[in-house]
Colleague: 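Can you read through this structure? Questions will come right after.
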Amino acid sequence: MTTSFGARLRAAMDERGPLCVGIDPHAGLLAEWGLRDDVEGLRRFALTAVEAVAPHAAAVKPQSAFYERFGSAGVAVLEGVVAAARAAGTLVVMDAKRGDIGSTSQAYADAYLDPASPLGSDAVTVSPFLGFGSLDPFVDAARRHGGGLFVLALTSNAEGPEVQHARLEDGSTVAGRVLDHLRRLNAGADPLGSFGAVVGATIGETEEDLAFHGPILAPGYGAQGGTAADVRRIFGPAAANVLASSSRGVLRRGPDAAALRDAVRAANDELAALRP
């Protein structure tokens, strides 16, 4: 039987630390590395970064949009990133934020969670805002392949509260309802459920119960201002399940591989107090 994503993530975080490195080759970072904003620059950036950080991070998180903007050649680079991370024994969280219904949702699930797919990853980010039931194909695929989901719940963008803080008929928020669904999906999992939430490391205070026995992907740590102290304050008892995500805070140290590696180690040291 395939080991669940939750169990693999728990082991990786305990062994390496709770840092996830975003492999996000946006144009500004390519320029900082002295690379052209083209497919060859993309390839050199992405593969240098993943080869340097993957052996030292619990997970890497490529943002698919930065590859898709170059068309099929860029997607081929993304496939290479997935393969290189897997070869290094690192979990891959595909940051695609997909969300649709029916057969389209199933096709996305097959693309990102089936190990036979060139883009097959350990987990994928998804949007529940067409109704949580629209994610059923992703849930089924995750269970079938031992994969995981990170469902948008409490994001740190300024527009997020318009939807996520909206009140439902029972007085709960949309975000709270999403977390309740995740709590149900993770019931009985050991040591950690495979169905996680995306909760920004810079959201400030929240009334929501973040103890849903699943992992929490927390973007915003590092260059965007989130600190280990913020993670402990925001997430409380659930802080041990937080996979803190940093992109620019690590990648701006490149292209020197040793500097990238040291940035990952320093972040894991800062986050060490969050370990169970």
Side-chain angles (χ1 to χ4, degrees), residues 1-16 18 20-23 50 54 57-64 67 75 78-128 130 132-153 178-179 181-199 212-219 241-243 245:
M1 181 179 294
T2 302
T3 304
S4 71
F5 171 70
R8 286 182 284 126
L9 179 61
R10 177 77 276 159
M13 292 170 67
D14 291 348
E15 177 184 351
R16 297 185 176 189
C20 173
V21 180
I23 311 296
V50 76
V60 296
K61 181 176 69 65
Q63 166 48 258
S64 63
Y67 302 83
V75 174
L78 180 57
E79 293 174 2
V81 167
V82 172
R86 286 190 170 278
T90 306
L91 298 175
V92 180
V93 177
M94 182 63 70
D95 194 359
K97 298 184 179 70
R98 296 298 192 247
D100 214 303
I101 59 173
S103 59
T104 308
S105 188
Q106 182 64 62
Y108 282 136
D110 292 341
Y112 297 117
L113 292 172
D114 188 336
S117 167
L119 294 173
S121 303
D122 296 282
V124 62
T125 60
V126 292
S127 172
L130 286 173
F132 202 92
S134 68
L135 299 181
D136 284 350
F138 287 99
V139 172
D140 292 343
R143 286 174 166 158
R144 185 165 61 253
H145 299 300
L149 303 179
F150 284 104
V151 183
L152 300 179
V178 169
L179 295 170
H181 281 294
L182 295 174
R183 192 172 287 108
R184 172 181 55 81
L185 290 173
N186 290 323
D190 182 40
L192 185 67
S194 297
F195 301 98
V198 179
V199 180
F212 57 90
H213 195 52
I216 300 170
L217 181 64
N241 296 332
V242 169
L243 182 65
S245 179

Colleague: Strictly distance-based, threshold 3.5 Å: is any side-chain N or O of His213 a donor or acceptor partner for the main-chain N or O of Ala189?
Modeller: yes
Colleague: What pairs with Ala96 under side chain to side chain contact (heavy atoms under 4.5 Å, CB included), at least two apart in sequence or on another chain?
Modeller: Ser64, Met94, Arg98, Tyr112, Val124
Colleague: Provide the closest heavy-atom pair for Asn186 versus Gly214 in the form atom of the first, atom of the second, distance.
Modeller: ND2-CA, 3.5 Å
Colleague: Tell me, do Val178 and Phe212 make a side-chain contact under 4.5 Å, heavy atoms counted?
Modeller: no
Colleague: How close do Ala197 and Phe150 get, heavy atom to heavy atom, and via which atoms?
Modeller: O-CD2, 3.8 Å
Colleague: Quick one, Val242 with Val199, criterion side-chain contact (heavy atoms from CB on, under 4.5 Å). Give me CA distance, side-chain angles, the key distance, then yes/no.
Modeller: CA-CA 9 Å; Val242 169; Val199 180; over 6 Å; no
Colleague: Just to verify, what does Asp95 make a side chain to side chain contact (heavy atoms under 4.5 Å, CB included) with, not counting sequence neighbours?
Modeller: Lys61, Gln63, Lys97, Thr125
Colleague: Under the side-chain hydrogen bond (donor to acceptor under 3.5 Å, both in side chains) test, which residues partner Glu79, sequence neighbours left out?
Modeller: none
Colleague: Drop me the distance from Asp190's CG to Ser4's OG, to the nearest 0.5 angstrom.
Modeller: 8.5 Å
Colleague: Indicate yes or no for a side-chain donor-acceptor contact from Asn241 to the backbone of Ile216 under 3.5 Å, with no hydrogens or angles considered.
Modeller: no
Colleague: For residues Pro215 and Phe5, report the shortest heavy-atom separation together with the two atoms involved.
Modeller: CG-CE2, 4.4 Å
Colleague: Sequence neighbours left out, what passes side-chain hydrogen bond (donor to acceptor under 3.5 Å, both in side chains) with Asp100? Give chain and number order.
Modeller: none
Colleague: Which heavy atom in Leu182 sits nearest to a heavy atom in Gly196, and how many Å separate them?
Modeller: CD1-O, 3.5 Å
Colleague: Quick one: which residue pairs count as a side chain to side chain donor-acceptor pair (under 3.5 Å) with a foot in residues 114-124, not counting sequence neighbours?
Modeller: Arg8-Asp122
Colleague: For residues 132-142, please give each side-chain donor-acceptor pair under 3.5 Å, one per line with the distance, not counting sequence neighbours.
Modeller:
residue, atom, partner, partner atom, Å
Ser134, OG, Gly131, O, 2.6

Colleague: Which residues pass the side chain to side chain contact (heavy atoms under 4.5 Å, CB included) test with Pro191, sequence neighbours left out?
Modeller: Ala7, Arg10
Colleague: When rounded to the nearest 0.5 angstrom, what is the spacing between CG in Leu113 and CZ in Arg143?
Modeller: 13.0 Å
Colleague: Ala58: what forms a side chain to side chain contact (heavy atoms under 4.5 Å, CB included) with it, not counting sequence neighbours?
Modeller: Ala12, Met13, Leu243
Colleague: Name all residues meeting the side-chain hydrogen bond (donor to acceptor under 3.5 Å, both in side chains) criterion together with Thr90; count only those two or more places apart in sequence or in a different chain, and write none if there are none.
Modeller: Arg16
Colleague: Side-chain donor-acceptor contacts of residues 80-87 below 3.5 Å, not counting sequence neighbours, with atom names and distances?
Modeller:
residue, atom, partner, partner atom, Å
Arg86, NE, Gly120, O, 3.3
Arg86, NH2, Gly120, O, 3.3

Colleague: So do the side chains of Pro128 and Leu152 get within less than 4.5 Å of each other, counting heavy atoms only?
Modeller: yes
Colleague: Please determine whether the number of non-hydrogen atoms from other residues, nucleotides or ligands lying under 6.0 Å from atom CD1 of Ile101 exceeds 12.
Modeller: no
Colleague: Identify, with sequence neighbours excluded, every residue that meets side-chain hydrogen bond (donor to acceptor under 3.5 Å, both in side chains) alongside His181.
Modeller: Arg184
Colleague: Which atoms form the tightest heavy-atom contact between Leu130 and Gly99, and what is the distance?
Modeller: CD1-O, 3.9 Å
